[in-house]
Amino acid sequence: MNRRTLTPLALVGLLASTLVACSGAVDGRGDQRKPIVVGTTAKVAVTEDTPAPFDPAASYDIGSWNIMRNTFQTLLRPPRSGTEPVTDAAEKCRFAGGRNDQYSCTLRDGLTFSNGNKLTAEDVEFSIERLLRLNVQGGPASLLGNVAKVESEGADKVVFHLKKPDATFPYKLATPAASIVDSRTYPADRLAKGFKRTGSGPYVLDDFDSKGRKVLLTRNSDYRGGSEAKNDKIELRFFRSSEALQKALESGRIDMMNRGITSRFVQQLEADRDKGIRLVEQPGQGVRYLVFDTEDKTVGRRAVRQAFAQVIDRKQLVGDVYSRTAEPLYSIVPGGLLGHTNSFFNEYGEPDVEAAKRTLREADVKTPVKLSLHYPRTSRGSSAASEFAVLGKQLNESGVFDATLESEPPDSYSSAALEGKYQVYGFGWLPDFPDADNFIAPFLEKDNVLNSPYSNKEIREELIPQTRREPDRADATRKFTRAQNIVARDVPVLPLWQGKQYVAAHDDITGVEWALNSSSLLQLWELDRGVDG
């Protein structure tokens with residue numbers, strides 16, 4: 001299981017790791033050389049399951065990707081704002097011809113790794129081929145699985161030959177999965193274990209103190225790319241709970257936090273604007289779904305899943321559990337993305353118990369329908385527990401369902417879900433890149449990340465390939481709409497809510513509004529010390 005599937009559900013707060021930045025001082029730019037400290041609840045550790053937490057061929061969790069985004073280069077990177085990738089290690093990139101099945105990039109001049117070795121097109125070729133060759137289970141290789149061949153032409157040009165046309169390929173090259181590693185220091189046939197890394201990004205990973213729960217990043221003076229670091233050092237610190245982060249912010253020990261900000265804390269900050277803490281609300285693309293085992297004897301019946309969709313009250317769920325920090329979601333594609341449509345609302349409207357009863361009666365399904373809902377067991381009083389308590393109450397009070405709630409150990413939750421052990425389970429998703437394709441294809445292709453038995457021939461063989469042939473993503477909207485409508489009809493997954501992103505920061509930290517990209521990864525180079533307002 002990877003960073004984009006089940007893991008967000010098990011983390012504190014709304015979706016993923018809580019990220020915090022801290023100056024350690026509030027007297028303006030006099031402490032410019034002091035590290036800006038960034039705290040997070042994400043866990044990064046060397047374990048038997050993750051022996052190489054920062055190897056691009058293996059890492060696919062948000063904690064590792066946050067560090068890799070800032071220490072490795074990719075040919076392209078997410079923009080400061082918007083969705084279209086911009087150049088990083090590449091000077092220019094383009095599709096050749098009109099088929100979107102061959103993509104070439106020319107590198108910038110003067111690129112070097114942090115060890116002094118030159119970065120060339122051969123390193124790009126090596127990095128992608130190594131990723132695909134190792135094909136680490138649960139790793140990010142599937143993102144670039146459409147690559148048939150990579151060719152370096154001279155020192156500065158690389159050409160990707162794709163198995164099938166894919167207009168989203170530039171977005172995938174902008175993810176940490178496509179990080180460029182040094183072919184002279186990284187093994188070609190195995191992972192590079194441990195924490196030490198050689199990259200060419202804006203920062204160098206100087207130290208990883210697992211006991212002290214912190215990472216030190218130092219600005220890479222040899223970096224040549226599309227980003228300019230506005231600070232000299234970043235220190236990442238790991239916290240055990242969002243509550244600890246919030247207390248640290250209020251006490252002045254940290255200066256910025258985002259994600260994991262509870263609705264209560266949002267209301268608290270809005271009510272007291274004299275604390276010297278400003279709250280910035282940003283749109284988010286992190287979503288929560290319920291997933292059904294479509295081969296189960298009960299929820300495998302489409303009428304049962306449709307009745308489920310007719311009973312669930314998203315507005316009540318969001319109001320009771322997440323207040324203003326999330327909003328109801330009526331499609332597998334979140335609002336704000338090109339191609340989004342409210343397919344579930346169009347199909348089922350407002351919650352309607354009588355309609356659910358009719359649906360089951362017409363399908364000759366006896367009520368109440370017994371089923372179980374599973375979610376990961378996290379800290380006491382977690383939002384996941386509260387959320388599923390509301391869902392269970394809605395189902396049982398309808399009289400249509402007899403639902404049992406089951407909390408599962410987080411360490412085995414993902415694997416059990418993939419093995420089809422749950423009838424219905426909670427699932428969180430953060431996009432690899434901001435395109436509707438990344439909310440459709442990963443769940444509905446043959447080798448999908450859910451290991452779901454659900455299959456729709458039209459989506460797999462027609463709609464997904466057709467949308468990937470459209471370089472102008474607006475031209476794919478009609479086909480994206482069709483795919484969403486099919487999902488609303490068949491309900492292999494049920495969208496619940498879409499999270500918002502909040503940033504709470506002390507007044508002396510600048511660049512906060514640019515510190516997260518469209519995929520919710522940190523852009524630490526944007527942070528700086530300003531003048532305390």
Test item: Asp156 and Thr120 side chains (from C-beta on) under 4.5 Å apart, heavy atoms: no
Under the salt bridge (charged side-chain N to carboxylate O under 4.0 Å, His left out) test, residues paired with Asp88 that sit two or more places apart: none
Distance (rounded to the nearest 0.5 Å) between Thr71 OG1 and Asn66 CG: 10.5 Å
Main-chain N/O of Ile36 paired with Glu235 side-chain donor or acceptor, under 3.5 Å: no
Asn231 side chain to Asp528 backbone, donor-acceptor under 3.5 Å: no
Leu144 versus Leu132, closest heavy-atom pair with distance: O-CD2, 3.4 Å
Note, Leu76 side chain near Tyr171 side chain (heavy atom, < 4.5 Å): no
Arg133 side chain vs Ala188 backbone, donor-acceptor pair below 3.5 Å: yes
Partners passing salt bridge (charged side-chain N to carboxylate O under 4.0 Å, His left out) against Glu84 (at least two apart in sequence or in another chain): none
Nearest heavy atoms of Lys214 and Phe238, plus distance in Å: N-CD1, 3.9 Å
Value rounded to 0.5 Å, distance of SG in Cys105 from CD in Glu153: 11.5 Å
Side chain Ser127, main chain Val181, donor-acceptor under 3.5 Å: yes
Donor + acceptor pair across side chains of Ser520, Gln501 (<3.5 Å): yes
Test of ring centre spacing under 6.0 Å for Tyr289 and Trp429: no
Euclidean distance, Asp55 CG relative to Arg190 CZ, rounded to 0.5 Å: 11.0 Å
Spacing of CZ belonging to Arg108 relative to OG1 belonging to Thr106, to within rounding of 0.5 Å: 12.0 Å
Intermediate values then yes/no, salt bridge (Lys or Arg N to Asp or Glu O under 4.0 Å), Lys172 and Asp166: CA-CA 10 Å; Lys172 296 169 182 176; Asp166 185 4; 2.7 Å; yes
Between Arg224 and Thr112, a side-chain donor and acceptor under 3.5 Å: no
Check: Gly226 main-chain N/O paired with Arg77 side-chain donor or acceptor under 3.5 Å: yes
side-chain hydrogen bond (donor to acceptor under 3.5 Å, both in side chains) against Tyr330, all qualifying residues, sequence neighbours excluded: none
Exercise: do Glu125 and Ser152 side chains pair donor with acceptor under 3.5 Å: yes
Test item: Asn342 side-chain N/O and Phe345 main-chain N/O as donor-acceptor pair under 3.5 Å: no
Between Asp123 and Ser183: side-chain donor-acceptor atoms closer than 3.5 Å: yes
Listed partners of Glu458 passing side-chain hydrogen bond (donor to acceptor under 3.5 Å, both in side chains), at least two apart: Arg482
Over all atoms of both residues, closest heavy-atom pair of Phe427 and Arg288: O-CD, 3.4 Å
Short side-chain to backbone donor-acceptor contact, Thr467 and Ile464, under 3.5 Å: yes
Any side-chain heavy-atom pair of Phe439 and Pro431 under 4.5 Å: yes
Residues that Glu470 engages under salt bridge (charged side-chain N to carboxylate O under 4.0 Å, His left out), provided they are two or more places apart: none
Side-chain heavy atoms of Asn70 within contact of Ile234, under 4.5 Å: no
Heavy-atom donor-acceptor pair, Gln285 side chain to Pro434 backbone, under 3.5 Å: no
Nearest-0.5 Å distance that lies between atom CZ in Arg80 and atom CH2 in Trp525: 11.0 Å
Asn117 and Asp182: side chain donor to acceptor below 3.5 Å: yes
Modelled atom types, side-chain donor and acceptor of Thr341 and Gln484, under 3.5 Å: no
Of all pairs that satisfy ring pair (Phe, Tyr, Trp, His ring centres under 6.0 Å), the ones with a partner from residues 78-127, not counting sequence neighbours: Phe95-Tyr103, Tyr103-Phe169
Salt-bridge contact Glu151-Lys149 (side-chain N to carboxylate O under 4.0 Å): yes
Non-hydrogen side-chain atoms of Pro334 and Leu337 separated by less than 4.5 Å: yes
Beyond-backbone contact of Val150 with Val159, side-chain heavy atoms, under 4.5 angstrom: no
Any donor-acceptor N or O pair under 3.5 Å, side chains Thr218, Lys233: yes
Asn517 side chain vs Pro78 backbone, donor-acceptor pair below 3.5 Å: no
Close side-chain approach of Thr74 and Arg69, heavy atoms under 4.5 Å: yes
Arg473 side chain vs Leu338 backbone, donor-acceptor pair below 3.5 Å: no
Verdict with supporting geometry, Glu462 and Lys479, salt bridge (Lys or Arg N to Asp or Glu O under 4.0 Å): CA-CA 9 Å; Glu462 298 178 28; Lys479 297 179 181 67; over 6 Å; no
CA sep, side-chain torsions, deciding dist, call: Arg468, Glu445, salt bridge (Lys or Arg N to Asp or Glu O under 4.0 Å): CA-CA 13 Å; Arg468 288 178 173 174; Glu445 287 183 308; 3.1 Å; yes
